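In what follows, chains are A, B, ... by sequence order, proteins preceding strands, each numbered from 1. Quick note: numbers below take in every heavy atom, side chains included, and nothing from hydrogens, waters or symmetry partners. This one's a predicted model, so the numbers in the text were calculated from it and none came from an experiment.
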2 protein chains.
Amino acid sequence: MIAEIISIGNELTTGQTVDTNAPWLAARLAEFGVTCTRQHTVADELAAIHDVIDMAAKRANVLLITGGLGPTPDDLTRLGLAQAMGVELDFHEASHRRIEAYFRSRKRPMHDGNRQQAMFPRGAEPLMNERGTAPGIYARLHDSRVYCMPGVPSEMTWMFDTYVVPMLQELAGEGVILRSILRTFGMSESEVGEKLADLMRRDRNPTIGTSAADLIISIRILARGQTRVEAEALMADEIQEIRQRLGQVVYGEGDDTLATAVGRRLIETRQTVSIAESCTGGMIAKRLTDLPGSSAYMKQGFVTYANEAKTALLGVSADDIREHGAVSETVALQMAANCRVRSGTDYAIGVTGIAGPSGGTKEKPVGLVYIALASPDGETKVKEFRFGDNLSREQVRDRTAKAALNWLRRKIDQQS
Amino acid sequence: MIAEIISIGNELTTGQTVDTNAPWLAARLAEFGVTCTRQHTVADELAAIHDVIDMAAKRANVLLITGGLGPTPDDLTRLGLAQAMGVELDFHEASHRRIEAYFRSRKRPMHDGNRQQAMFPRGAEPLMNERGTAPGIYARLHDSRVYCMPGVPSEMTWMFDTYVVPMLQELAGEGVILRSILRTFGMSESEVGEKLADLMRRDRNPTIGTSAADLIISIRILARGQTRVEAEALMADEIQEIRQRLGQVVYGEGDDTLATAVGRRLIETRQTVSIAESCTGGMIAKRLTDLPGSSAYMKQGFVTYANEAKTALLGVSADDIREHGAVSETVALQMAANCRVRSGTDYAIGVTGIAGPSGGTKEKPVGLVYIALASPDGETKVKEFRFGDNLSREQVRDRTAKAALNWLRRKIDQQS
């Protein structure tokens with residue numbers, strides 16, 4: 001079964017609003033094993049709406065349209081659909097009474113525009129809307145089932161669950177589709193691609209695909225089965241196979257970030273952490289507290305941006321700062337070791353570096369970062385990173401935070 | 001001039017990722033007066049990519065394509081474009097060397113997959129990518145200029161600004177187009193809209209439009225002139241008029257955030273700040289250090305997430321924490337006042353609250369936050385915020401950081 005999604009509205013095509021309806025619908029469709037190869041966003045222009053609906057209905061079995069059902073003159077979905085169907089718009093008395101009742105119940109005045117919301121292409125069916133004024137529309141066009149829903153997310157999702165889901169369940173018949181995502185850090189997308197090349201063939205079941213965002217390589221897995229049990233077994237085997245091939249670089253699944261992966265491990269092992277940050281300026285502590293319940297493991301953090309702060313708050317030797325510079329192995333080591341002792345935590349991270357864009361020298365270029373990790377075994381280790389001076393300040397800071405959190409993750413796994 | 005946007009990737013068509021590239025591009029195009037009636041999202045499937053590119057290029061003068069330029073087998077944009085152009089893919093030596101150099105400079109191994117990133121449709125031009133490995137592609141198809149850019153936002157936006165903007169300015173023809181953005185905080189978009197209603201008429205020059213994102217209302221200004229001098233004069237007058245009408249809520253221009261606006265004021269007035277954070281967990285310190293040169297004003301920060309940390313690091317009375325709770329006026333006041341003294345800074349911010357989603361009570365619901373500000377005049381004031389328990393943890397933390405930074409901004413303006 002093939003579906004296409006059409007989102008209608010100038011607020012979308014001018015970029016004033018980010019369309020969250022299409023991704024939501026696509027994700028729901030995938031759960032029913034419906035692939036949605038194409039999605040479209042169209043302005044409030046009759047010719048374009050008419051054309052896109054006509055073309056999509058020729059390709060798809062199911063066509064989901066959101067937006068353009070409002071009471072204003074630039075709401076043209078009804079008319080566009082009617083033109084694509086080659087029919088007139090008829091006034092639908094029952095829908096009009098329902099809209100009137102909706103306004104009466106809210107003691108709000110009804111406007112002439114709302115009358116147009118009771119107009120439907122001849123042969124189409126109104127879809128009652130419990131969450132707002134605009135009724136939806138169900139119609140057949142070419143070989144496609146067409147569902148028009150309001151752009152307001154709360155109304156759209158209600159209509160989808162109420163009218164579209166039962167139809168999908170019917171059409172889907174037996175099969176079950178399961179989706180999973182594995183998150184990795186520490187390998188390039190091409191490395192991951194090579195290790196999984198044979199698994200990435202389109203004709204397989206499960207199918208997998210990769211995507212990269214800020215050094216996080218995600219692996220999406222789609223497993224199809226006649227029964228849930230079969231799909232779950234396929235998924236479990238695939239995840240095991242991928243984890244085996246990629247090993248430690250897999251840090252989590254679903255919505256996991258490196259910070260939530262670290263947080264979960266600390267909660268499981270009942271351990272705590274504290275952070276001493278210079279160039280990241282609080283970014284690592286912020287991420288470690290993104291997770292609800294983070295007070296269980298995140299005790300305190302020091303943002304020692306000024307050299308005096310490194311000495312006053314963390315007892316970093318002023319002589320060492322003078323001799324080796326604030327961005328040096330020894331300063332990072334002292335930040336982590338002293339942070340751990342002063343905070344009484346199991347782990348502590350110390351970070352100092354040159355985030356740029358200025359402040360770099362030949363010996364110490366922008367992107368040079370020292371990360372130190374103090375562990376329960378009493379050891380404190382330091383690593384040097386050179387992220388490259390072509391990165392933005394934000395990128396250097398993001399990569400520093402990720403490198404530190406990933407190191408802590410690996411360390412916890414080794415110790416436990 | 002007509003433009004269309006194509007976003008390519010299964011992570012988009014399966015709804016696992018929300019596409020922010022298309023809205024960003026659409027908004028930028030609108031600033032050049034380019035309407036973008038249609039946008040498309042396509043899966044990593046050759047036939048569909050080929051078809052969408054071919055159809056769109058027949059309608060549009062400018063075709064912006066993002067995604068599908070990676071090193072893995074499911075990156076098919078190059079091939080799809082080549083097929084639409086009816087040409088072969090050629091290996092481009094110089095691009096390959098550039099990719100090799102990119103990996104060498106990072107001491108990372110290069111993989112076979114990266115070789116495919118140096119393949120280009122015959123007759124197309126590589127677009128050098130300073131922010132990543134994947135070169136972009138420029139080609140002519142039908143009567144359309146086609147630009148293929150990576151899906152990674154930081155790489156895509158850089159390529160757009162570097163290669164597409166100059167072309168748009170050229171096509172815009174005679175005269176000069178200047179763009180400015182004013183950033184405001186503290187007024188709703190409808191309030192701003194009312195105050196600027198007469199300026200928002202489409203037939204004016206300059207033209208202005210508003211957009212809202214996370215409580216920041218941005219006003220985009222586009223001024224056209226036969227000469228740069230004329231455009232600059234129009235822009236200057238418009239900005240002055242808008243600032244006059246909106247007053248203090250305008251906190252900056254361009255890429256300014258509340259944090260960079262605060263940072264600039266502190267640098268100008270040679271003043272310093274320190275931060276004591278509980279529920280924001282380092283978010284405010286992180287934002288204050290987003291700005292290069294922030295070491296001039298940001299001295300140190302304390303992330304006192306645990307109650308013991310509040311007492312140990314900031315000398316907050318343990319009795320008061322017991323009596324009034326960690327989320328209370330007195331704790332916020334002590335955090336700010338003591339942070340200022342211990343840091344020896346002109347200003348200090350203290351923040352404590354319930355970010356949620358759990359931890360709320362009837363008297364102290366999720367979204368309750370106390371923000372205290374200690375100032376050079378020796379005064380420390382506290383404000384209570386109730387952001388509402390319908391917000392996500394991330395939203396509560398973001399609004400807390402914005403409220404604190406905005407208060408500091410206003411305070412600095414009053415004192416100077």
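- When each of A/Gln300, A/Arg220, A/Met55, A/Glu4 is scored by its heavy-atom pairs under 4.5 Å with chain B, the top score falls to A/Arg220.
- For B/Glu45, the part lying under 4.5 angstrom from a heavy atom of chain A is the side chain only.
- If you measure heavy-atom distances from A/Ala212 to chain B, the contacts under 4.5 Å come from the backbone alone.
- Heavy atoms closer than 4.5 Å to chain B are found nowhere in A/Ile5, neither backbone nor side chain.
- If you measure heavy-atom distances from A/Thr37 to chain B, the contacts under 4.5 Å come from both the backbone and the side chain.
- Between A/Met298 and B/Val303, some side-chain heavy-atom pair lies under the 4.5 Å cut-off.
- Per-residue counts of heavy-atom pairs under 4.5 Å with chain B were compared for A/Thr20, A/Ile181, A/Thr304, A/Asn10; the largest is that of A/Ile181.
- Closest non-hydrogen pair, B/Asn114 versus A/Ser190, comes out as OD1-OG, 3.3 Å.
- Contact between B/Asp74 and A/Met200 at its shortest, heavy atoms only, is OD2-CE, 3.9 Å.
- Looking at A/Asp19, only its backbone comes within 4.5 Å of chain B, counting heavy atoms on both sides.
- By the 4.5 Å heavy-atom criterion applied to side chains, A/Leu313 and B/Phe302 are counted as neighbours.
- Only the backbone of A/Leu291 has a heavy atom closer than 4.5 Å to any heavy atom of chain B.
- Of all the heavy atoms in B/Pro292 and A/Gly356, the pair that sits closest is CB-O, 4.2 Å.
- When each of A/Ser392, A/Ser188, A/Ser7, A/Ser294 is checked for heavy-atom pairs under 4.5 Å with chain B, A/Ser294 comes out on top.
- Counting only heavy atoms from C-beta outward, the side chains of B/Tyr102 and A/Asn390 approach each other to under 4.5 Å.
- Neither the backbone nor the side chain of B/Tyr297 comes within contact range of chain A; no heavy atoms are under 4.5 Å apart.
- To the nearest 0.5 Å, the span separating OG1 on A/Thr41 from CZ on B/Arg38 amounts to 11.5 Å.
- Proximity to chain B (any heavy atom under 4.5 Å) is restricted, for A/Arg59, to the side chain, taken from C-beta onward.
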Could you go through B/Ser105 and A/Arg386, starting from their C-alpha distance and side-chain angles, then the distance that decides it, and tell me whether this counts as side-chain hydrogen bond (donor to acceptor under 3.5 Å, both in side chains)?
CA-CA 9 Å; B/Ser105 69; A/Arg386 292 175 181 269; over 6 Å; no
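- A/Lys310 meets the salt bridge (charged side-chain N to carboxylate O under 4.0 Å, His left out) test with no other residue; sequence neighbours excluded.
- Of all heavy-atom pairs spanning B/Gly15 and A/Ala26, the tightest one is N-CB, 3.8 Å.
- Residue contact with chain A, scored on non-hydrogen atoms closer than 4.5 Å, involves the backbone and the side chain of B/Val42 alike.
- Residue pairs meeting the salt bridge (Lys or Arg N to Asp or Glu O under 4.0 Å) criterion with at least one partner in residues 189-199 of chain A, sequence neighbours excluded, are A/Asp198-A/Arg245.
- Note: B/Arg108 CZ to A/Met187 CE = 12.5 Å, rounded to the nearest 0.5 Å.
- Annotation: maximal heavy-atom pairing with chain B below 4.5 Å, among A/Asp290, A/Asn307, A/Thr210, occurs at A/Asp290.
- Looking at A/Ser218 and B/Glu11, their side chains never come closer than 4.5 Å, going by heavy atoms from C-beta outward.
- With a threshold of 4.5 angstrom between heavy atoms, B/Ser358 does not approach chain A through any atom at all.
- Heavy atoms only, all atoms of each residue included: B/Thr72 and A/Gly193 are closest at CG2-CA, 4.0 Å.
- Nearest heavy atom pair, residue A/Thr13 against residue B/Cys36, reads CB-O, 3.3 Å.
- For A/Leu12, the part lying near chain B is the backbone, with the side chain staying farther off; criterion is any non-hydrogen pair under 4.5 Å.
- Under a 4.0 Å N-O distance rule, the pair A/Lys286/B/Glu394 qualifies as a salt bridge.
- Looking at A/Arg397, the atoms closer than 4.5 Å to chain B (heavy atoms on both sides) all sit in the side chain, from C-beta outward.
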